Amino acid sequence: MGDDTKGQLETINQQIKEMVGVYRGVVGRSGISENEFWIWYALIIMEGDYSQQDICSSWSLSKQTVNTIVTHMVRKGLAYLEVVPGTRNRKIIRLTEDGRAYGEDLVREVFEAEGRAFQRLSEAERIACTAALGRYIDLLKEEIYGTKNR
């Protein structure tokens, strides 16, 4: 590996860690775990129905982690599970009115800041950023796991 490549890898890894640190700082002030934050983010910001399995695969979280967090949400009256007809045990996570209000308070400010920051990039920069990072992740998975994972 050449010095240029090594330096570029160091830069991207530092940038990724810095971005994770930004989210960690925001989440730390909220009083919940990072994993719980991303579950709330998915349920509040992303459109559509989510099962626990969907969140596991979309957000790279373990089944045990998601199950534990969702179980706590249900116990607190913030969510309930709705069985999908015609499936063996697929359940969609539904937020109660209190759950939606609580989740909005947790994630809305972050989402709006993300949107403002991303809008400040040019259209070409946004496309390049998402395309390059997605391609890099695919290639990294291929190198580490030996198969194409996307």
Side-chain angles (χ1 to χ4, degrees), residues 9-142 144-145 147-150:
L9 274 172
E10 182 178 344
T11 298
I12 197 165
N13 285 327
Q14 287 171 348
Q15 290 170 333
I16 290 168
K17 294 299 278 180
E18 184 175 0
M19 188 166 62
V20 167
V22 169
Y23 286 107
R24 187 169 286 144
V26 169
V27 173
R29 294 191 305 262
S30 71
I32 63 171
S33 71
E34 289 177 57
N35 291 333
E36 184 174 350
F37 174 84
W38 291 115
I39 291 171
W40 282 110
Y41 190 98
L43 295 173
I44 296 292
I45 302 300
M46 311 316 289
E47 297 198 7
D49 294 335
Y50 278 91
S51 69
Q52 291 184 45
Q53 295 89 349
D54 295 332
I55 290 177
C56 291
S57 60
S58 297
W59 295 89
S60 299
L61 299 171
S62 75
K63 289 179 185 179
Q64 182 177 349
T65 296
V66 172
N67 182 266
T68 299
I69 291 168
V70 171
T71 298
H72 283 63
M73 291 166 68
V74 169
R75 284 186 188 144
K76 291 178 182 177
L78 302 173
Y80 60 96
L81 299 174
E82 181 179 292
V83 176
V84 177
T87 64
R88 211 171 124 235
N89 64 353
R90 183 174 164 82
K91 296 175 186 168
I92 298 298
I93 305 163
R94 301 277 185 219
L95 297 176
T96 63
E97 203 172 299
D98 287 345
R100 181 152 302 282
Y102 177 76
E104 286 275 347
D105 284 346
L106 289 172
V107 301
R108 182 61 57 190
E109 185 179 320
V110 172
F111 176 70
E112 289 172 356
E114 289 172 326
R116 290 189 306 270
F118 210 62
Q119 286 293 317
R120 291 172 66 186
L121 297 170
S122 70
E123 180 69 17
E125 288 172 319
R126 291 192 299 264
I127 291 168
C129 181
T130 56
L133 189 56
R135 175 101 169 105
Y136 175 62
I137 290 167
D138 286 345
L139 293 172
L140 184 59
K141 286 178 180 177
E142 189 177 316
I144 289 174
Y145 302 122
T147 58
K148 294 183 180 182
N149 267 332
R150 247 188 172 182

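In this text the structure is predicted, and so the values were computed from the model without any measurement.
Looking at heavy atoms from C-beta onward, Tyr41 lies out of side-chain contact with Ile55 at the 4.5 angstrom threshold. You'll find the side chain of Val66 stays beyond 4.5 Å of the side chain of Trp59, heavy atoms only. Contact of the Val27 side chain with the Trp40 side chain is not registered, since no non-hydrogen atoms from C-beta on lie closer than 4.5 Å. Looking only at side-chain heavy atoms (C-beta outward), Lys76 and Asp98 stay at 4.5 Å or farther from each other. A heavy-atom distance below 4.5 Å is not found between the side chains of Arg100 and Leu43.
A distance of 6.0 Å separates CD of Glu142 from CG of Leu139, quoted to the nearest 0.5 Å. Between Thr68 atom OG1 and Ile39 atom CD1 the span is 9.0 Å, to the nearest 0.5 Å. To the nearest 0.5 Å, atom OH of residue Tyr102 and atom CD1 of residue Ile44 are 11.0 Å apart. Here the NZ-CZ distance, from Lys17 to Arg24, works out to 6.0 Å after rounding to the nearest 0.5 Å. Gln64 contributes atom CD, which lies 10.5 Å from atom CD1 of Ile69 (distance to the nearest 0.5 angstrom). The CD1 atom of Ile93 lies 11.0 Å from the NZ atom of Lys91; values are rounded to the nearest 0.5 Å.
The backbone N or O of Leu9 lies less than 3.5 Å from a partner atom in the side chain of Asn13, making a donor-acceptor pair.
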* Would you check, one step at a time, whether the test side chain to side chain contact (heavy atoms under 4.5 Å, CB included) holds for Leu95 with Met73? => CA-CA 9 Å; Leu95 297 176; Met73 291 166 68; 4.0 Å; yes
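A salt bridge links Glu123 to Arg126: at least one charged side-chain nitrogen sits closer than 4.0 Å to a carboxylate oxygen.
Considering every non-hydrogen atom in both Thr87 and Val84, the closest pair reads OG1-O, 2.6 Å.
Under the side chain to side chain contact (heavy atoms under 4.5 Å, CB included) rule, Asp49 has a single partner from Arg94, Glu82, Arg90, which is Arg94.
Neither side chain, Gln14 nor Glu18, offers a donor N or O lying under 3.5 Å from an acceptor on the other. If you check the side chains of Glu34 and Trp38, you find no donor sitting under 3.5 Å from an acceptor. A donor atom on one side chain and an acceptor atom on the other are found under 3.5 Å apart for Ser51 and Gln53.
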Give the table of side-chain donor-acceptor pairs shorter than 3.5 Å for residues 105-112, with sequence neighbours excluded, one pair per line with atom names and distance.
{"from": "Arg108", "atom 1": "NE", "to": "Glu104", "atom 2": "OE1", "distance (Å)": "2.9"}
{"from": "Arg108", "atom 1": "NH2", "to": "Glu104", "atom 2": "OE1", "distance (Å)": "3.1"}
{"from": "Arg108", "atom 1": "NH2", "to": "Glu104", "atom 2": "OE2", "distance (Å)": "3.1"}

